[in-house]
Amino acid sequence: MEDWQREFYKMLDEMTETVDEFVQSIIRDVGKAADEFVDFSEGIAEQIEQAIASEIDKFDEQLDDWVEPMLQAIAMLESALGHTTEPVSQTIEPILNEHAVCIGCRHYHGQSYNGVMFVCAMHPYGVADGDETCPDKETHPWIPKNNDFFDEN
């Protein structure tokens, strides 16, 4: 009776080895196929890149030629717009920033840097509290010298 059991276990061992060899050969074949596919796709990608690289470079140069003049025009427009609106900003912003003495002064800057207001180069923190005049004030040509334009009367 032990003879058939040994034969059965021997047959199971052989079948297991055969199945294991079969699975291992499939794994090797699939691995080789995957490697070949990767190599093939890399080759195709290189060919495509070589074929279109020069066209992409040409397009990039053309795009630079188109964009650069537009950026220059925008920068010039921004500068002109800033220069044009300077009298208005130097008239309104001092009121908003509570520096009424600075209304209309061409030196007024009125920007905040790290939470600190920079009023102008002559008076970085503004004129002293209580001063109603500024000795360095230069008005814009469109503002009357006596500042009647801003009187509340």
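Y125 forms part of a hydrophobic cluster together with V116, judged by ILVMFWY side-chain heavy-atom separations under 4.5 Å.
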Donor-acceptor list for residues 15-35 side chains, cut-off 3.5 Å, not counting sequence neighbours:
from, atom 1, to, atom 2, distance (Å)
T16, OG1, L12, O, 2.7
T18, OG1, E14, O, 2.7
S25, OG, F22, O, 2.8

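Partners of C120 under the side chain to side chain contact (heavy atoms under 4.5 Å, CB included) rule, at least two apart in sequence or in another chain, are H107, M122, H123. Residues passing the side chain to side chain contact (heavy atoms under 4.5 Å, CB included) test with Y113, sequence neighbours excluded: H109, Q111, F118. Y9 is linked by a side-chain hydrogen bond (donor to acceptor under 3.5 Å, both in side chains) to nothing, counting only residues two or more places apart in sequence or in another chain. For L63, the side chain to side chain contact (heavy atoms under 4.5 Å, CB included) criterion is met by F59, W66, V67, not counting sequence neighbours. Taking I44 as the reference, F40, I48 meet the side chain to side chain contact (heavy atoms under 4.5 Å, CB included) condition, with sequence neighbours excluded.
Atom CD1 of residue I74 and atom CE of residue M76 lie 11.5 Å apart, to the nearest 0.5 angstrom.
For residues 54-79, the set of pairs meeting the salt bridge (charged side-chain N to carboxylate O under 4.0 Å, His left out) definition, not counting sequence neighbours, comprises E55-K58.
Remark: the backbone N or O of A75 is not paired with any side-chain donor or acceptor of S79 at under 3.5 angstrom.
Of all heavy-atom pairs between T133 and V127, the closest is O-CG1, 4.3 Å.
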